[in-house]
Amino acid sequence: IEASVSPKSPAFWRHPLWPVILGGIVFRLYNLAGHSLWYDESTTLLGSTYVDWSFTFLSASESRLQPLNSFLCLLWVSFGDRVLGIEMGSIASDFYLRLMPMAYSVGLIWMTYVLAMRLFQSQSAAIIASWFIAVSPFQVYYAQEFRPHTLYAFLAVLGMYCSLRALEEGGRKYWAGTVIFGTLAFYSYYFSAFYLLSINVYALTCFSRYKKKILPWTISQLSILLLI
């Protein structure tokens, strides 16, 4: 929902994106714990046990992990176990663990709307785009899986939005967002290398439009390369 609309405003609560988000939540909650964690989800849970506070899990030798996702999983599991008292291995724990990727997926619905509004300057197009994400069986499936896919998708769309704003109008916060979310996307899922490649292809393809921003763009991409 647009940042210019205050949560205290009646227009905020009448925004047409709310039915999309609520519909997306219903689809994702339905049968969320319908089956126990399967092998890939169990490896994600196991990966969180390799996280240590000296951050050696970030080293190249630990390529078996998606570092950011493993770190967030550790925090989520610890909260559920120590604060909420959820017994890991139970049906309740399966439901609880999958709430994390579900939350990223709901965030993706919102960010799809924001990005589409920026691209098409049309609320109808943005609502349609967000509905596609909300009801897509593919998106619902991964929202109910304790894996890093929805985290990666959420961060990638955030990065796309910041990159587009940075190329169009500049601004430190958008350049910072380009670097931060591009880096975090890589640490959440290594296949985000293709996302980083795609946005650079876009920038080069539209070189004539963004030629005044090529220097800061190059610096931002080199910064990501150094951070990963």
Side-chain angles (χ1 to χ4, degrees), residues 1-34 68-69 72 76 95-185 188-189 191-192 194-196 198-199 202 206:
I1 299 174
E2 296 93 333
S4 59
V5 181
S6 169
K8 295 181 180 180
S9 167
F12 178 86
W13 300 107
R14 292 196 300 267
H15 198 283
L17 184 59
W18 281 118
V20 187
I21 291 176
L22 292 174
I25 291 173
V26 170
F27 275 109
R28 285 153 178 76
L29 281 176
Y30 176 73
N31 208 31
L32 186 61
L68 177 61
N69 187 64
L72 294 174
W76 188 242
F95 182 87
Y96 170 76
L97 292 174
R98 289 174 180 146
L99 285 176
M100 186 170 76
M102 188 195 109
Y104 301 142
S105 185
V106 173
L108 177 62
I109 297 171
W110 168 62
M111 274 312 303
T112 298
Y113 171 85
V114 174
L115 180 61
M117 276 291 293
R118 189 68 192 179
L119 288 171
F120 304 114
Q121 300 295 308
S122 166
Q123 187 176 73
S124 297
I127 290 294
I128 291 170
S130 58
W131 265 120
F132 273 120
I133 297 297
V135 303
S136 165
F138 182 82
Q139 295 293 334
V140 173
Y141 175 84
Y142 282 106
Q144 296 182 331
E145 186 176 63
F146 189 57
R147 296 285 288 156
H149 304 100
T150 55
L151 172 61
Y152 154 65
F154 177 60
L155 292 172
V157 174
L158 272 169
M160 288 179 195
Y161 176 77
C162 289
S163 297
L164 184 64
R165 294 293 296 266
L167 286 169
E168 289 183 346
E169 59 194 67
R172 291 182 181 179
K173 63 181 179 181
Y174 296 122
W175 288 116
T178 299
V179 174
I180 291 169
F181 295 123
T183 303
L184 291 178
S188 68
Y189 199 54
F191 275 96
S192 63
F194 293 105
Y195 149 68
L196 296 172
S198 68
I199 60 172
Y202 170 77
C206 302

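These numbers were taken from a predicted model, which means no experiment stands behind them.
Atom CD of Glu145 is separated from atom CG of Leu32 by 11.5 Å, given to the nearest 0.5 angstrom. Rounded to the nearest 0.5 Å, atoms SG (Cys162) and CG (Leu167) are 11.0 Å apart. Rounding to the nearest 0.5 angstrom, the gap separating the CZ atom in Phe27 from the OG atom in Ser136 is 10.5 Å.
The salt bridge (charged side-chain N to carboxylate O under 4.0 Å, His left out) contacts involving residues 122-141 comprise nothing, where partners must be two or more places apart or lie in separate chains. Sorted pairs that involve residues 108-117 and meet salt bridge (charged side-chain N to carboxylate O under 4.0 Å, His left out), not counting sequence neighbours, are lacking altogether. Applying the ring pair (Phe, Tyr, Trp, His ring centres under 6.0 Å) test to every pair with at least one member in residues 115-141, sequence neighbours left out, gives these pairs: Phe138-Tyr142. Sorted by first and then second residue, the pairs that involve residues 96-121 and meet salt bridge (charged side-chain N to carboxylate O under 4.0 Å, His left out), not counting sequence neighbours, are Glu41-Arg98, Arg118-Glu168, Arg118-Glu169.
Residues passing the salt bridge (charged side-chain N to carboxylate O under 4.0 Å, His left out) test with Arg147: none are found, sequence neighbours excluded. Tyr174 is linked by a side chain to side chain donor-acceptor pair (under 3.5 Å) to Arg165, counting only residues two or more places apart in sequence or in another chain. When the side chain to side chain donor-acceptor pair (under 3.5 Å) test is applied to Gln121, no partner is found at least two apart in sequence or on another chain. By the side-chain contact (heavy atoms from CB on, under 4.5 Å) test, Thr112 is found to be paired with Leu108, Ala129, Ile133, residues two or more places apart in sequence or in another chain being considered. Partners of Ser105 according to the side chain to side chain donor-acceptor pair (under 3.5 Å) rule, which considers only residues two or more places apart in sequence or in another chain, are Arg28. Shown here are the side chain to side chain donor-acceptor pair (under 3.5 Å) partners of Gln139, two or more places apart in sequence or in another chain: there are none. Taking the side-chain contact (heavy atoms from CB on, under 4.5 Å) definition, one finds that Phe191 meets it with Tyr189, Phe194, sequence neighbours left out.
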Would you give me the side-chain donor-acceptor pairs under 3.5 Å for residues 150-158, sequence neighbours excluded?
unit_1	atom_1	unit_2	atom_2	d
Thr150	OG1	Pro101	O	3.0

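Environment of OH in Tyr104: crowded, with over 12 heavy atoms of neighbouring residues, nucleotides or ligands closer than 6.0 Å.
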Margin query: For a side-chain contact (heavy atoms from CB on, under 4.5 Å) check, start with the C-alpha distance between Met117 and Gln123, then their side-chain angles and the critical distance, and finish with the verdict.
Written below: CA-CA 6 Å; Met117 276 291 293; Gln123 187 176 73; 4.0 Å; yes
Next item on the list: Test side-chain contact (heavy atoms from CB on, under 4.5 Å) on Phe181 and Met160 and set out the steps.
Entry: CA-CA 9 Å; Phe181 295 123; Met160 288 179 195; over 6 Å; no
Next item on the list: Go through Leu17 and Ile21 one step at a time and tell me if the side-chain contact (heavy atoms from CB on, under 4.5 Å) criterion holds.
Entry: CA-CA 6 Å; Leu17 184 59; Ile21 291 176; 3.9 Å; yes
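Here the closest heavy-atom approach between residue Ala166 and residue Trp175 is recorded as O-CZ2, 3.4 Å. Closest approach of Ser130 and Tyr113 over heavy atoms only: CB-CB, 4.1 Å.
Checking side-chain atoms of Trp76 against main-chain N and O of Tyr96 turns up a donor-acceptor pair under 3.5 Å.
Looking only at side-chain heavy atoms (C-beta outward), Val140 and Val135 stay at 4.5 Å or farther from each other.
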